[in-house]
Engineer: 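A single structure is presented below for examination.
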2 protein chains.
Amino acid sequence: MDDIDRHIVTALVADGRMSYTDLGKLIGLSTSAVHQRVQKLEERGVLRGFRAVVDPEALGLSLTAFISVKPIDPAAPDDVPDRLKGLVEVEDCYSVAGDENYILKVRVGTPGELESLLARIRTDAEVSTRTTVVLSTPFEARMRGTTPA
Amino acid sequence: MDDIDRHIVTALVADGRMSYTDLGKLIGLSTSAVHQRVQKLEERGVLRGFRAVVDPEALGLSLTAFISVKPIDPAAPDDVPDRLKGLVEVEDCYSVAGDENYILKVRVGTPGELESLLARIRTDAEVSTRTTVVLSTPFEARMRGTTPA
DNA sequence: TGTGCCTGTCGATATCGTCCACGGGCCCAC
DNA sequence: GTGGGCCCGTGGACGATATCGACAGGCACA
């Protein structure tokens, strides 16, 4: 994981479809060398994969919300993530320190869908919820490939 | 935006580097037809781009946190996102309803870096902060390409 | 019936991904 | 100093792929 690797990662985060040829020109390495480095970065798990970035609005998912959840019975075994992973509306699930146990990020189309989703979350995971609705998203999913000083 | 488009989007979210040939075989269309559809999806903004998915840990970013911010002077003009976009540690910035005005997701390497980041956020944006540290991430950035019934 | 539009197929060509053999730098043992 | 092994990059060759243009079929509408 040297500066060249970081440079490669940065470039591929910006454009995951950049050709190895262009990538080589960009960082001053031959096509093959870049190819080898990318393969090793994938093997090491630094690069987890490549994916298309989709506009949620275009899919009819115009409502984003954060839901903090807390088990109703604090003594019960904690398998909240397992119970929630079947709900495709739940994009992220973070275990957190603080008053609540988990923070979820969800995307739905309408307030009505949010309401029924909340009901499913409460019953499926046996939790109480606190919901924060997102009004707008100034920026999202920014990524830096290199660690700043 | 028909079922074929949704199928394409789903496939490209799962594997952003899938070749048009394979994509065509997968959904039962010729390479060129798929190519045209993907181009139109990009033009329409449905597909925003392609990017590599990186393991934050591998970049030394092992500490994730949510920071809720609220302006110290509620009467001041609200340009918090502009003031924060220069901080590369801030990955997401959501304007939200509720007690606080914005929710930020940040990634740093150490608690010390989080401390100095909080100081910078407070002074740069003139806000008070409430921080929730992420302990673990059961799942993250799941995406569905199709809207469920 | 004819016209225009949309969307698909097919074919051609330049480019790209992928693999292999080769060569130079580096470290270490002797 | 010297030889061997290892890592990493280079360059070339091959098949696969992206990309473009020309053409055909379905459909709505006048």
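Protein chains get the first letters and strands the later ones, always in sequence-line order, with residue 1 at the start of each.
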Engineer: For a quick check, with a 4.0 angstrom heavy-atom cut-off, what is the B/S/- contact string for nucleotides 16-24 of chain C, read 5' to 3'?
Structural biologist: SSBB-----

Engineer: For a quick test of your reading: what N or O donor-acceptor pairs under 3.5 Å do the side chains of residues 24-32 of chain A make, sequence neighbours left out?
Structural biologist:
from: A/Ser30; atom 1: OG; to: A/Ala33; atom 2: N; distance (Å): 3.2

Engineer: Name every donor-acceptor pair, under 3.5 Å, that has one atom in a side chain of residues 48-61 of chain B and the other anywhere in the protein, sequence neighbours excluded.
Structural biologist:
from: B/Arg48; atom 1: NH2; to: A/Asp55; atom 2: OD1; distance (Å): 3.0
from: B/Arg51; atom 1: NH1; to: A/Ala141; atom 2: O; distance (Å): 2.7
from: B/Asp55; atom 1: OD1; to: A/Arg48; atom 2: NH2; distance (Å): 3.0
from: B/Asp55; atom 1: OD1; to: B/Glu57; atom 2: N; distance (Å): 3.2

Engineer: At a cut-off of 3.5 Å, list every protein nitrogen or oxygen paired with a nitrogen or oxygen from nucleotides 12-15 of chain C, distance to 0.1 Å.
Structural biologist:
none

Engineer: Answer whether the closest heavy-atom distance between the side chains of B/Leu87 and B/Ile121 falls below 4.5 Å.
Structural biologist: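 Yes; the side chains approach each other to less than 4.5 Å.
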
Engineer: In sequence, state the C-alpha distance, the side-chain angles, and the governing distance for B/Glu89 and B/Arg120, and then conclude on salt bridge (charged side-chain N to carboxylate O under 4.0 Å, His left out).
Structural biologist: CA-CA 11 Å; B/Glu89 293 90 341; B/Arg120 270 183 289 156; 3.2 Å; yes

Engineer: Could you state the atom-to-atom distance from NZ of B/Lys40 to C1' of D/dC20 in whole Å?
Structural biologist: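 Rounding to the nearest Å, NZ of B/Lys40 and C1' of D/dC20 are 15 Å apart.
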
Engineer: The criterion is side-chain hydrogen bond (donor to acceptor under 3.5 Å, both in side chains); which residues satisfy it with B/Asp2, sequence neighbours excluded?
Structural biologist: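 By the side-chain hydrogen bond (donor to acceptor under 3.5 Å, both in side chains) rule, B/Asp2 matches B/Arg37.
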
Engineer: Could you check whether B/Glu100 pairs with B/Lys70 (Lys NZ or Arg NE/NH1/NH2 to Asp/Glu carboxylate O, under 4.0 Å)?
Structural biologist: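 No, this pair does not count.
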
Engineer: Take atom CD of B/Glu115 as the centre, draw a 6.0 Å sphere, and report whether it contains more than 12 heavy atoms from other residues, nucleotides or ligands.
Structural biologist: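 Not more than 12 within 6.0 Å, no.
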
Engineer: Using residues 72-83 of chain A as the side-chain source, report each donor-acceptor pair under 3.5 Å to any protein atom, sequence neighbours left out, with the distance given to one decimal.
Structural biologist:
from: A/Asp73; atom 1: OD1; to: A/Ala75; atom 2: N; distance (Å): 2.9
from: A/Asp78; atom 1: OD1; to: A/Val80; atom 2: N; distance (Å): 3.3
from: A/Asp78; atom 1: OD1; to: A/Tyr102; atom 2: OH; distance (Å): 3.0
from: A/Asp78; atom 1: OD2; to: A/Tyr102; atom 2: OH; distance (Å): 3.0
from: A/Asp79; atom 1: OD1; to: A/Arg83; atom 2: NE; distance (Å): 2.8
from: A/Asp79; atom 1: OD2; to: A/Arg83; atom 2: NE; distance (Å): 3.3
from: A/Asp82; atom 1: OD1; to: A/Lys85; atom 2: NZ; distance (Å): 3.4
from: A/Arg83; atom 1: NH1; to: A/Asp124; atom 2: O; distance (Å): 2.8
from: A/Arg83; atom 1: NH1; to: A/Glu126; atom 2: OE2; distance (Å): 3.4

Engineer: For B/Ile4 and C/dT7, give me the distance from atom CD1 to atom P, rounded to whole Å.
Structural biologist: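 Whole-Å distance recorded here is 10 Å.
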
Engineer: Could you state the atom-to-atom distance from CG of A/Asp5 to P of D/dC7 in whole Å?
Structural biologist: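 Those two atoms, CG and P, are 16 Å apart.
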
